[in-house]
**Q** 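Dropping a structure here in structure tokens format, bear with me for questions.
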Amino acid sequence: MKIYNTMTRKKENFKPIEEGKVKLYACGPTVYNYFHIGNARAFLFFDVVRRYFEFLGYEMTYVQNITDIEDKLINQAKAEQTTVKKVAQKYIDAFLEDTASLGIKKVNHHPKATEYIGEMIDLIKKLVENNFAYEVDGDVYFSVVNFKNYGKLSGRNIDDLKVGARVKANVQKRHPADFTLWKKAKPEEPSWGSPWGKGRPGWHTECVVMSRSILGETFDIHGGGNDLIFPHHENEIAQAEASSGKPLANYWMHNGYLNIEGEKMSKSLNNFFTARDILKKYDAEAIRFFFLSKHYRSPIDFNEDIIIESSKAVEGFYSILKTVNFLKIENNAPNYSAEMLQLKEKFINAMNDDFNTAKAISVLFEIVKLFKKSNDENFAHLLVELGKSVGFFQNIADHLAEDLGEITENLIELLIEYRNTFKKEKNWEMADKIRNDLQKLNIQLKDTSSGTDWSISK
RNA sequence: GGCGACAUCGCCAAGUGGUAAGGCAAUGGUCUGCAAAAUCAUUAUCCCCAGUUCGAAUCUGGGUGUCGCCUCCA
């Protein structure tokens, strides 16, 4: 298994700390709003990482934090005229709902920032004691110049940051790149008591505290979107290493952005679609296919036409499951031929090469192609086995069922019968009318050599 | 100003030194009363220039273009 490590900018052989186990931490949402389809890329990708490791037989511990106290939540609470707590709960619920709809498997731990305030204060205290942090009038800052390795993840040095800095001048900070560990509360804001007075923790602290509390001082993989490399992950590393002297994670993985018309999709540019809205129109599997059709580190451009194409591609997978009536043979033990084992190996090699999902997917299409030539149901088993390793085929029964209820289905069958009678009588006008009228109701008739079939077109 | 990514058929996209995977679309054939569906087949020398090499989409140098990070952001 090779993983591209942002820290070294190289693909490295993955070696877990503990044999057979993978400890993964990926940055989760700040729950002040619905997440958009660009955010979904990270959530979905790390779901694939998790599933694939499990497929390989690793025991996963996957932790994803939830930031439930932060400036944006406070603002949102004002906007919605409610409390921070209520805002958090509302969007946590939405987050869990939407990720589930996307077919993302529940992570093992979802720590919330507000549940770890005590531990965060302890960390900050330690940093202050060791001279890596300083307090100014109720605020506490991390001092980047006192941490010699600052910038090693993102490849920056402190002086460069100074030059082009768009960082706002903050008279309190000793260096413009110093970041907030503890933020003094304004009146009315939610706050916790601390040695520096009432306030709340800075964002960069929670991930360090929560990841280490659950996964230990050093864990295997830390992941997130590209935009978190600097400053977020850089700041995590600074705090972690300044306090323990040990690396926080051995591998740093970052996914590329989702662009829209060539520009990054982001809330601040206001060019986003929420995952929630996209899911109303398109299937979760089509969205998954769309993301996996490109390598995770590359930027990917979003538009609805591509999602529609992706839906068609996914339908291609299901068409062979339909042909073999997969639900009936699902429990038969597969018997793979040498050719099939070779395909499986090809798939695994692609995935083992830093999660080359695009290449892996092409193997799935090869399987489909070979199935069509041979009609060997073992190809269907192989397709499902490999597809599942990256999160496809989570609900085959639902997908194959055209469950309209018995009465409706009988009515459709009846109309087909009438049409066939008209056809026998060469009454093409009536036969075509039935076909076209059903088409208008999204019921598509398919004449095959073995009779007339129908399906619902979306 | 600093740091970084990317440029492959109409669209999407693999390939990281050995002679261009795959998907969608398109076109043609088979099937059909006609269609649709299904099925078979066909479709690129890789942004530009120079270099290294027996050999480059793949390496080096120089352009051009697009995007990102340096402020909250997946």
Side-chain angles (χ1 to χ4, degrees), chain A residues 6 9 11 26-30 32-33 35-46 67 70-72 75 151 154-157 159-168 176-177 179 203 223-232 234 254-259 261-269 272 289-290 292-301 303 305-314 316-317 319 323 346 350 353 356-366 368-369 372-373 422-424 426-428 431-432 435-436 439 444-449 452-455 457:
Chain A
T6 306
R9 288 163 202 263
K11 276 187 205 170
C27 289
T30 299
Y32 71 104
N33 213 326
F35 67 88
H36 62 64
I37 192 76
N39 303 128
R41 184 177 194 188
F43 304 150
L44 248 161
F45 173 64
F46 287 101
T67 303
E70 214 263 333
D71 289 14
K72 283 181 297 232
N75 294 335
S154 54
R156 289 158 213 267
N157 66 63
D159 300 329
D160 290 341
L161 292 173
K162 218 172 189 172
V163 178
R166 280 187 272 167
V167 180
K168 269 185 213 151
F179 56 91
W203 176 46
N226 237 326
D227 44 0
L228 296 183
I229 296 174
F230 190 91
H232 184 53
E234 198 69 72
H254 295 95
N255 62 275
Y257 299 115
L258 179 79
N259 291 337
E261 282 163 27
E263 272 192 324
K264 175 184 175 184
M265 180 182 284
S266 80
K267 287 181 181 164
S268 37
L269 291 173
F272 64 91
F289 183 94
F290 161 69
L292 297 192
S293 67
K294 185 144 183 174
H295 189 87
Y296 75 92
R297 280 189 281 116
S298 309
I300 188 169
D301 219 79
N303 68 63
D305 289 345
I306 294 178
I307 302 286
I308 291 168
E309 270 186 24
S310 302
S311 311
K312 287 182 187 165
V314 171
F317 295 153
S319 72
T323 309
K346 197 169 169 188
D353 182 15
N356 192 337
T357 52
K359 199 172 182 180
I361 279 178
S362 76
V363 177
L364 300 184
F365 282 110
E366 255 182 88
V368 170
K369 204 173 192 174
K372 284 179 178 169
K373 279 190 179 146
F422 284 128
K423 277 172 75 176
K424 263 182 210 150
K426 296 200 192 300
N427 184 345
W428 310 126
D432 289 353
R435 183 174 71 196
N436 295 339
Q439 179 76 61
Q444 201 190 25
L445 299 189
K446 296 174 184 177
D447 292 325
T448 72
S449 50
T452 303
D453 208 356
W454 59 273
S455 70
S457 57

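Keep in mind it's a predicted model, so treat the numbers as computed, not measured. To find a chain, count down the sequence lines: A is the first, B the second, and so on, and within it residues start at 1.
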**Q** Determine the contact category for D71(A): base if any of its heavy atoms lies under 4.0 Å from a base atom, sugar-phosphate if only primed atoms, P, OP1 or OP2 are that close, otherwise nothing.
**A** nothing

**Q** Just call it for S293(A): base, sugar-phosphate, or nothing, with non-hydrogen atoms closer than 4.0 Å on any strand.
**A** sugar-phosphate

**Q** Which nucleotide, A14(B), C11(B), A37(B), lies nearest any side-chain atom of K294(A)?
**A** A14(B)

**Q** Which whole number of Å gives the distance between the P atom of C47(B) and that of G15(B)?
**A** 15 Å

**Q** So Q439(A), base contact, sugar-phosphate only, or nothing? Heavy-atom distance under 4.0 Å.
**A** nothing

**Q** Given atom CZ of F289(A) and atom P of G22(B), what is their separation to the nearest angstrom?
**A** 14 Å

**Q** Round to a whole Å and report the spacing from CD1 of I361(A) to C1' of A21(B).
**A** 13 Å

**Q** Taking the side chain as every heavy atom from C-beta outward, state whether D447(A) and K423(A) have any atom pair closer than 4.5 Å.
**A** yes

**Q** Between A14(B), A36(B), A74(B), which nucleotide gets closest to the side-chain atoms of A358(A)?
**A** A14(B)

**Q** If you pin D432(A) and F365(A) to their nearest nucleotides in RNA chain B, which one's is more 5'?
**A** F365(A)

**Q** Both distances under 3.5 Å, Watson-Crick or G-U wobble: report the partner of U58(B), or none.
**A** none

**Q** Using both distances under 3.5 Å as the test, list the Watson-Crick or G-U wobble partner of A13(B), or none.
**A** none

**Q** What integer distance in Å separates K264(A):NZ from C70(B):C1'?
**A** 12 Å

**Q** With a 4.5 Å heavy-atom cut-off, do L258(A) and F272(A) have their side chains touching?
**A** no

**Q** For K267(A), does the NZ atom sit with more than 12 other heavy atoms under 6.0 Å from it, leaving out its own atoms?
**A** yes

**Q** Which one is paired to A7(B), where only Watson-Crick or G-U wobble pairs with both distances under 3.5 angstrom count?
**A** U64(B)

**Q** For nucleotides G10(B) and C46(B), find the distance between their P atoms and express it as a whole number of Å.
**A** 13 Å

**Q** Would you indicate which nucleotide in A74(B), G33(B), G68(B) comes nearest to any side-chain atom of L258(A)?
**A** A74(B)

**Q** Please give, in whole Å, the distance from A5(B) C1' to R297(A) CZ?
**A** 10 Å

**Q** Between C69(B) atom P and I229(A) atom CD1, what is the distance in whole Å?
**A** 11 Å

**Q** Could you please name the partner base of U42(B), counting Watson-Crick and G-U wobble pairs only when both distances are under 3.5 Å?
**A** A26(B)

**Q** Within this structure, what is the CG-to-C1' distance between L364(A) and G22(B), rounded to whole angstrom?
**A** 11 Å

**Q** Which nucleotide in the list C34(B), A74(B), C24(B) gets nearest to the side chain of E309(A)?
**A** C24(B)

**Q** State, to 0.1 Å, how close G151(A) and E234(A) come at their nearest heavy-atom pair, and which atoms those are.
**A** N-OE2, 3.1 Å

**Q** Could you state the atom-to-atom distance from CG of L292(A) to P of A13(B) in whole Å?
**A** 13 Å

**Q** Kindly point out which of C70(B), C24(B), G22(B) is positioned nearest to the side chain of K312(A)?
**A** C24(B)

**Q** Using purine N1 to pyrimidine N3 plus N6-O4 or O6-N4 for Watson-Crick, or N1-O2 and O6-N3 for G-U wobble, each under 3.5 Å, what pairs with U32(B)?
**A** none

**Q** Is A21(B) paired to anything, Watson-Crick or G-U wobble with both distances less than 3.5 Å, and if yes, which nucleotide?
**A** none

**Q** Flag the pair D353(A) and K359(A) as a salt bridge only when some basic side-chain nitrogen lies within less than 4.0 angstrom of an acidic carboxylate oxygen.
**A** no

**Q** Identify the nucleotide, in any strand shown, that forms a Watson-Crick or G-U wobble pair with C69(B), with both distances under 3.5 Å; if there is none, say none.
**A** G2(B)

**Q** Within the 4.0 Å heavy-atom criterion, would you say G224(A) contacts the bases, only the backbone, or no part of the nucleic acid?
**A** sugar-phosphate

**Q** Could you tell me the separation between the CG atom of L445(A) and the P atom of A38(B), rounded to a whole number of Å?
**A** 14 Å

**Q** What is the nucleic acid contact for H295(A), judged by heavy atoms within less than 4.0 Å: base, sugar-phosphate only, or nothing?
**A** sugar-phosphate

**Q** Could you tell me whether I308(A) contacts a base, only the sugar-phosphate backbone, or nothing, with contacts defined as non-hydrogen atoms closer than 4.0 Å?
**A** nothing

**Q** Restricting to non-hydrogen atoms, name the atom on F289(A) and the atom on A313(A) that form the minimum distance, rounded to 0.1 Å.
**A** CZ-CB, 3.5 Å

**Q** Is there aromatic stacking of W428(A) on G33(B) here, judged by a ring-centre distance under 5.5 Å and a plane angle under 30°?
**A** yes

**Q** With side chains defined as the heavy atoms from C-beta onward, is the minimum distance between S266(A) and Y257(A) less than 4.5 Å?
**A** no

**Q** Please work out if G256(A) contacts a base, only the sugar-phosphate, or nothing of the nucleic acid, heavy-atom cut-off 4.0 Å.
**A** base

